[in-house]
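Encoded as structure tokens, the structure appears first; notes follow it.
In this chain, residues are counted from 1 in sequence order.
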Amino acid sequence: MNTPEGSSAAGTPSTISLDSLPVEIFLMICERTDADTLVRSLRFVNKRFYDIISDTYRWKKRAMRTCNDCDIPFMMTENYNENTFNWMQYAWHTEVEDSCWSEYETKTTTTVFSGAHFSEVDAVLMAKDGNHCFSASRDRSICLWNTMDTVENPVPVVHKVDSHLGWVWDLGIYDDDHFLSCSWDSKVKLWNTSNFMPSAQPIHTFSTDAAVLSITSKENFIAAGLYTPKIIAFDPREPEKRLFELLHSHSRSIIDLCLIEDYYLVSMSEDKTVSIYDLRKNRTVKAMLLSIKSSRFPMCGSYYDNILFIGDNRDGMYWLDCSDGLFDVIEVVNLAKPINDNVRNYKLNCIKCTNYGSIMTGGNEGAVYILTPTNPAKVIAKIQHSTSSEITSIDYQNDTLVVGYVSSNVQVWKKK
């Protein structure tokens, strides 16, 4: 008996193989599917989907639709090659960040940690496991929080009240098992993360010559930026010995430090300059003024894929091309000034870029801005809690954003 094509003799439709579908159907499905589903799921359904979804040209075309002719920092570096650039990663990150943060009220959960600190929280830090964060305060204490905690009025997992003898100003991850703290007591301390408790003692304490405002590190290397124009480096294997001291790179205090590709130490100073020290050559290879405007100086920096993003004490963001040690300013982005009449000038206290899709900033307006890494920058979201005050610090890891406030609160947003 003859049966219509696509049905069985019993009258039920036969199964059509996905591999037999015309390519136009695959393309239409991909065009109408979000990037996260394409990358994480649909790409692995069969070989046809994998080949189409892995096509670099299609991702580039998809990404450029969202750019709207804006300047993109990652495409302006000396090392950029459009034939080798990871267009899938770029388009995926862009769509995921925009989708989440533009609807953060429904796509994230938030928890406020309050009551433990009684003074300004000047530093926050996500732990490597993504489920805990640290906060450090001018009350000289360090708290460890469970970012998965959704109970009302959560208490810290650990509250170490005597971590330092002065304001705790900065925190940093040393490796998977250790973190760093620095203070106005002129000390840098290395702590064991898994054994951190109220009675814990630091593994090592490094002494400096003045209050420590900033720290950065890699394996067997810790650098401390001081309230004086000095940077001191240590090796944890010889805690009593200083690797080197940089005395002439700046004329005022060191506000922030960044390590680029493990061998460029970038320092940002209140003297309005940025200095680059090559750890391999043991010398400063570049120093620059970011702006000729006398009132501006760099406050914070964050590195991702050959670009160092620097925020200043007003409303400026600078893109530095770090390709092959260039450290050239390729763009200056003027951010939208706050509408709050009580804020005379917008100050960027902290900046974080962790992928191609967004830059996170916080400042004296008390709002976290999620921005596109473009010029002009598009505001994906402005996140401002009703109890928030000036933002001092932010960190972001494993889909979790943690924010520290002058009010002594810590707040966490976690993607669902």
Side-chain angles (χ1 to χ4, degrees), residues 101 104 110 112-114 117-125 133 135-139 167-171 184 211 213-214 225 227 252-258 268-272 274 290-291 293-302 309-319 332-353 358-373 376-396 401-413:
W101 296 111
Y104 75 91
T110 187
V112 177
F113 302 128
S114 61
H117 295 297
F118 62 80
S119 187
E120 178 175 327
V121 171
D122 282 310
V124 292
L125 180 71
C133 70
S135 60
S137 170
R138 295 190 185 190
D139 64 13
W167 296 350
V168 188
W169 204 254
D170 199 9
L171 297 170
W184 281 72
L213 303 186
S214 52
Y227 185 63
R252 298 189 67 178
S253 58
I254 314 300
I255 298 177
D256 200 9
L257 292 172
C258 292
M268 288 153 266
S269 171
E270 199 176 9
D271 66 7
K272 310 178 185 70
V274 174
L290 287 184
S291 174
K293 295 183 179 180
S294 61
S295 60
R296 292 179 180 267
F297 57 85
M299 287 287 296
C300 48
S302 181
F309 299 92
I310 293 179
D312 69 17
N313 63 323
R314 293 301 176 90
D315 58 349
M317 179 169 58
Y318 307 82
W319 300 347
V332 179
V333 181
N334 293 314
L335 303 177
K337 293 184 178 180
I339 302 174
N340 187 346
D341 293 334
N342 296 323
V343 180
R344 183 178 301 175
N345 293 301
Y346 182 50
K347 181 178 64 170
L348 275 175
N349 289 329
C350 40
I351 188 168
K352 191 74 175 180
C353 180
S358 66
I359 298 172
M360 302 175 178
T361 67
N364 57 338
E365 189 190 2
V368 177
Y369 284 95
I370 314 294
L371 307 167
T372 57
K378 170 192 170 185
V379 178
I380 300 173
K382 177 183 177 182
I383 306 175
Q384 191 160 24
H385 194 268
S386 59
T387 61
S388 64
S389 59
E390 179 172 346
I391 292 172
T392 60
S393 51
I394 58 175
D395 199 12
Y396 182 74
L401 169 66
V402 56
V403 180
Y405 295 97
V406 166
S407 65
S408 78
N409 288 342
V410 176
Q411 188 161 9
V412 165
W413 285 266

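Looking at every heavy atom in both residues, Ser358 comes nearest to Ile370 through CB-CG2, 3.9 Å. Taking every heavy atom of both residues into account, Ser114 and Asn409 meet most closely at CB-OD1, 3.0 Å. In plain terms, the two heavy atoms of Phe297 and Ser269 that are nearest each other are CB-O, 4.0 Å. Counting all heavy atoms, side chain and backbone alike, Met299 lies closest to Ile255 at O-CG2, 3.3 Å. For the residue pair Leu335 and Ala377, the shortest heavy atom distance occurs at CD2-CB, 4.3 Å. Tyr104 approaches Ala381 most closely through the heavy-atom pair CD2-CB, 4.1 Å.
The closest side-chain heavy-atom distance from Leu171 to Asp395 is not below 4.5 Å. Between Val410 and Val402, the closest side-chain pair of non-hydrogen atoms falls below 4.5 Å. At least one side-chain heavy atom of Ile380 sits less than 4.5 Å from a side-chain heavy atom of Thr372. Lys347 places a side-chain heavy atom less than 4.5 Å from the side chain of Glu390. Proximity of Ile359 to Ile351: side-chain heavy atoms (C-beta onward) are separated by under 4.5 Å at one or more points. Side-chain contact between Gln411 and Val368: absent, with no pair of heavy atoms (C-beta onward) separated by less than 4.5 Å. Contact of the Trp169 side chain with the Arg138 side chain is registered, since non-hydrogen atoms from C-beta on lie closer than 4.5 Å. A 4.5 Å side-chain heavy-atom check between Arg296 and Leu290 finds every atom pair outside the cut-off.
A distance of 6.5 Å separates CG in Leu401 from CH2 in Trp413, rounded to the nearest 0.5 Å. Atoms OH and CG, on Tyr405 and Asp122 in that order, are 14.5 Å from each other to the nearest 0.5 Å. To the nearest 0.5 Å, the span separating CG on Asp256 from CG on Asp170 amounts to 7.0 Å. If you take CG on Leu257 and OG on Ser214, they are separated by 3.5 Å, rounding to the nearest 0.5 Å. With rounding to the nearest 0.5 angstrom, the OG1 atom of Thr361 is 13.5 Å from the NZ atom of Lys352. Here the straight-line distance linking atom OH of Tyr396 with atom CE of Met360 works out to 4.5 Å at 0.5 Å rounding.
A donor-acceptor contact shorter than 3.5 Å links the side chain of Thr392 to the backbone of Val121. Remark: side-chain polar atoms of Ser302 are not paired, donor with acceptor, to backbone N or O of Phe309 under 3.5 angstrom. Checked by atom type and distance alone, the side chain of Thr110 pairs as donor or acceptor with a backbone atom of Val412 at under 3.5 Å. Between the side chain of Ser407 and the backbone N or O of Ser389, no donor-acceptor pair lies under 3.5 Å. The closest donor-acceptor contact from the side chain of Ser408 to the backbone of Glu120 lies at 3.5 Å or more, if one exists at all. At least one donor-acceptor pair under 3.5 Å links the side chain of Gln384 to the backbone N or O of Glu365.
Between Trp184 and Tyr227, the ring-plane angle classifies as tilted under the 30° and 60° cut-offs.
Under the side chain to side chain contact (heavy atoms under 4.5 Å, CB included) test applied with Val124, the options Cys133, Cys350, Ser393 reduce to a single match, Ser393.
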